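Here the structure comes first, spelled out in structure tokens, and everything after it is commentary.
Please read all numbers here as calculations on a predicted model, not as lab measurements. Atoms considered below: every heavy atom in the structure, side chains included; atoms not considered: hydrogens, waters and symmetry mates.
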Amino acid sequence: MRSSFIALLLVSGSLTAGAAVEVSVQKHICPGGQTYPVHLTFDDGPRIPQTLQILDTLKKNNIKATFLISTTRFKSLLNGKPNESTKRLMEVIERMKTEGHTVGSHSFEHIEHGNIAKHTEAEISSNIAKSAAIIDKLKLPKPTPFRFPYGSGWFQDPDSANQSMASKAMRQIKAQGYRPFHWDIDTWDWSKIKRKALPGSVLEQVCNHKGGVVLAHDIHSWTVENLPAIIESINLSGHKLVSYSEIAKYSEQQAPEPLMSFADHAGGIRSCKKHVGDLDQVGAVCDTGVSNKKDNSQDGVQ
């Protein structure tokens with residue numbers, strides 16, 4: 001039986017004046033009234049002020065999340081001379097740790113670790129090693145969570161050469177003190193089109209997957225502004241927002257089947273992404289509604 005959605009008016013004092021809130025609080029009861037554990041995760045940051053604003057929202061709601069950071073943002077640590085930008089971001093990391101959040105890696109460059117046609121084995125190995133070196137300098141506890149960009153290196157690949165490379169990448173991250181940590185509930189918050197289905201799409205995925213790990217991105221103002229409605233909807237639907245330690249055994253091995261494919265993305269990631277600097281960025285044809293051309297950073301694609 002299809003559950004009904006109850007839309008409520010969102011009232012939140014945490015949002016800035018004129019914030020572009022696009023979603024309303026909703027309630028969605030799973031079949032049989034079942035409720036499940038849910039853990040929030042954020043990729044691609046930290047970015048100021050968005051990450052700080054998300055931390056404010058999490059603190060207000062007493063939620064412990066996981067931040068899978070883009071370690072290329074800290075690349076000045078590799079030469080032992082952190083610049084002012086890196087120092088500011090390191091302060092954000094310290095705040096995350098102080099407030100009880102978990103910090104992990106989203107790799108160095110935002111590449112497909114399971115795509116041997118696009119990247120050589122040496123390039124993939126070096127990318128993981130650079131990230132591990134930065135994670136060590138940030139003094140993060142091990143095993144440190146690691147999320148492969150796009151899930152490439154995590155999802156099963158029908159191409160034998162790619163799957164072989166993915167398996168090597170998986171062995172390397174584990175050898176360097178990482179614990180693979182992926183997702184089964186996608187917000188698609190980077191897509192101007194798909195994010196309009198929130199929070200209902202997240203609530204349905206919670207029921208379908210019986211809880212799990214939610215993927216979002218802490219680099220978007222849209223996510224900052226609409227996160228309170230998503231959190232309130234999860235709570236209103238009876239689910240429990242849990243910490244990393246309460247859900248860490250999720251994603252011990254490769255996913256038994258792809259939870260999404262490249263074709264699921266708006267416009268199709270393979271057809272619409274373009275390379276900008278050293279990170280992949282979604283192009284305008286994907287209609288994401290965001291652009292980060294100034295700092296060459298990715299627009300929140302897994």
Side-chain angles (χ1 to χ4, degrees), residues 36-48 50-74 77 86 88-108 110 128 131-149 151 153-154 170 173-187 189 202 206 209 211-220 223-224 227 230-231 234-235 239-253 255 300 302:
Y36 302 104
V38 177
H39 180 63
L40 299 180
T41 68
F42 299 90
D43 285 4
D44 296 337
R47 171 175 287 173
I48 298 172
Q50 288 89 339
T51 303
L52 295 175
Q53 293 168 324
I54 284 176
L55 285 169
D56 289 343
T57 295
L58 296 174
K59 184 175 182 179
K60 179 180 178 180
N61 289 275
N62 193 30
I63 294 169
K64 309 305 179 187
T66 296
F67 291 85
L68 288 308
I69 64 173
S70 174
T71 53
T72 194
R73 298 183 186 275
F74 300 84
L77 287 176
T86 296
R88 288 195 296 271
L89 294 180
M90 289 175 71
E91 292 175 357
V92 177
I93 298 298
E94 288 305 310
R95 177 181 170 183
M96 290 174 181
K97 293 191 289 186
T98 298
E99 294 183 358
H101 302 294
T102 301
V103 183
S105 174
H106 195 38
S107 193
F108 190 70
H110 201 270
I128 295 172
S131 179
I134 290 171
I135 291 296
D136 286 344
K137 290 181 181 296
L138 292 174
K139 296 180 171 54
L140 298 179
K142 295 184 177 181
T144 308
F146 183 97
R147 176 169 289 161
F148 284 105
W154 168 257
M170 181 69 77
I173 67 165
K174 289 182 177 180
Q176 295 190 354
Y178 284 122
R179 182 178 197 168
F181 189 64
H182 284 269
W183 72 90
D184 52 0
I185 300 165
D186 198 343
T187 62
D189 59 341
V202 161
V206 170
H209 294 294
V213 178
V214 176
L215 169 66
H217 302 82
D218 57 322
I219 62 173
H220 301 309
T223 302
V224 172
L227 181 61
I230 296 170
I231 289 172
I234 292 171
N235 288 331
H239 307 298
K240 181 182 179 182
L241 285 156
V242 300
S243 66
Y244 172 79
S245 63
E246 295 174 273
I247 209 165
K249 289 188 176 180
Y250 168 80
S251 69
E252 286 286 351
Q253 304 295 326
Q302 282 67 36

Inset, instruction - Sequence neighbours left out, what passes side chain to side chain donor-acceptor pair (under 3.5 Å) with D56? Give chain and number order. - result: R95
Legend entry - Rounded distance (nearest 0.5 Å) linking atom CG of L241 with atom CG of N61: 8.5 Å
Legend entry - Donor-acceptor contact present, side-chain D189 to main-chain H217, <3.5 Å: yes
Legend entry - Evaluation steps, side chain to side chain contact (heavy atoms under 4.5 Å, CB included), between L40 and I63: CA-CA 8 Å; L40 299 180; I63 294 169; 4.2 Å; yes
Inset, instruction - Might you point out which heavy atoms bring F42 and A65 nearest each other, and give the distance in Å? - result: CE1-CB, 3.9 Å
Legend entry - Value rounded to 0.5 Å, distance of OG in S107 from CZ in F146: 4.0 Å
Inset, instruction - Spell out, as yes or no, whether a donor-acceptor pair under 3.5 Å connects the side chain of K64 to the backbone of E99. - result: yes
Inset, instruction - With rounding to the nearest 0.5 Å, note down the distance linking CE in M96 to CG in L140. - result: 10.0 Å
Legend entry - Pairing of E94 and K97 as salt bridge, 4.0 angstrom limit: yes
Inset, instruction - Just do the side chain to side chain contact (heavy atoms under 4.5 Å, CB included) check on F181 and T41 with the steps written out, would you? - result: CA-CA 10 Å; F181 189 64; T41 68; 3.7 Å; yes
Inset, instruction - Take the angle between the ring planes of W154 and H182 and call it parallel below 30°, perpendicular above 60°, tilted in between. - result: parallel
Inset, instruction - Using atom types as modelled and distance alone, determine if a side-chain donor or acceptor of R147 lies under 3.5 Å from a backbone N or O of H106. - result: no
Legend entry - T102 side, atom OG1; H39 side, atom NE2 - distance, nearest 0.5 Å: 6.0 Å
Legend entry - Donor-acceptor pair, side chain of H209 and main chain of D184, under 3.5 angstrom: yes
Legend entry - Under 3.5 Å: donor-acceptor pair, side chain of T144, backbone of G104: no
Inset, instruction - Mark yes or no for whether T51, through its side chain, and D218, through its backbone, hold a donor-acceptor pair below 3.5 Å. - result: yes
Legend entry - Sequence-distant partners of T86, side-chain contact (heavy atoms from CB on, under 4.5 Å), two or more places apart: F74, S76, L77, P82, N83, M90
Inset, instruction - Could you tell me how the ring of Y36 sits relative to the ring of H239: parallel (under 30°), tilted (30 to 60°) or perpendicular (over 60°)? - result: parallel
Legend entry - Any side-chain donor near an acceptor of the partner, S70 and H110, under 3.5 Å: no
Legend entry - Rounded distance (nearest 0.5 Å) linking atom CG of L52 with atom CZ of R47: 12.5 Å
Inset, instruction - Report the C-alpha distance between V224 and T57 in whole Å, list the side-chain angles of each, state the deciding distance to 0.1 Å, and finish with yes or no for side chain to side chain contact (heavy atoms under 4.5 Å, CB included). - result: CA-CA 8 Å; V224 172; T57 295; 5.7 Å; no
